[in-house]
Amino acid sequence: MAKGYWLATGSIKDSKGFMGYVIAAEPYLMKCGAKMLIREPHTDVREGNPGHLTVLIEFPSLKAAEMAYEASEFQEMIALRTPYSECCLSILEEG
């Protein structure tokens, strides 16, 4: 079965404030069977303007990635992130 991924790019405006999201999201993602592949706070952007932060998270399947995002538990966590960052998040399938 093909794996699913979250690809997040963006900028952190307040790193102290953003930590509340990180503290909540990390155990949630582990519970979902996710694996952090890339967490780069100083991305070497060569083209475009995606921001300085790049995160790539692997899930067991595309369905697992979609369900993790759509869960009410995660939707509530988004409010912990939005005041302190600008984010673009895509859900992708391996292949």
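Both backbone and side-chain heavy atoms feed into the values below; hydrogens, waters and symmetry mates do not.
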[X] versus [Y], closest heavy-atom pair with distance:
| X | Y | answer |
| --- | --- | --- |
| A65 | Y5 | CB-N, 4.2 Å |
| P27 | A24 | CD-O, 3.5 Å |
| A34 | I57 | CB-CG2, 3.6 Å |
| M1 | S61 | SD-CB, 3.2 Å |
| L80 | G20 | CD1-O, 3.9 Å |
| E94 | A2 | OE1-CA, 3.6 Å |

Parallel, tilted or perpendicular: rings of W6 and F74 (30°, 60°): tilted
Looking at [atom1] of [X] and [atom2] of [Y], how far apart are the two atoms once the value is rounded to the nearest 0.5 Å?
| X | Y | atom1 | atom2 | result |
| --- | --- | --- | --- | --- |
| L37 | T54 | CG | OG1 | 13.0 Å |
| K63 | E70 | NZ | CD | 7.0 Å |
| L92 | L56 | CG | CG | 8.0 Å |
| R81 | I12 | CZ | CD1 | 10.5 Å |
| C87 | L53 | SG | CG | 7.5 Å |
| T9 | E40 | OG1 | CD | 13.0 Å |

Within residues 23-33 or reaching into it, pairs that qualify as side chain to side chain donor-acceptor pair (under 3.5 Å) - sequence neighbours excluded: E26-R39, K31-E73
State yes or no: do [X] and [Y] share one hydrophobic cluster built from I, L, V, M, F, W and Y residues joined by side-chain heavy-atom distances below 4.5 Å, directly or via other members?
| X | Y | answer |
| --- | --- | --- |
| Y84 | V22 | yes |
| F59 | L89 | yes |
| L29 | I91 | yes |
| M30 | M19 | no |

Q75 side chain near Y69 side chain, heavy-atom distance below 4.5 Å: yes
Within 6.0 Å of NZ in K13, more than 12 heavy atoms from elsewhere: yes
Flag if over 12 foreign heavy atoms under 6.0 Å of CE, M36: yes
Which residues share a ring-ring contact (aromatic ring centres under 6.0 Å, His included) with F18, sequence neighbours left out: Y21
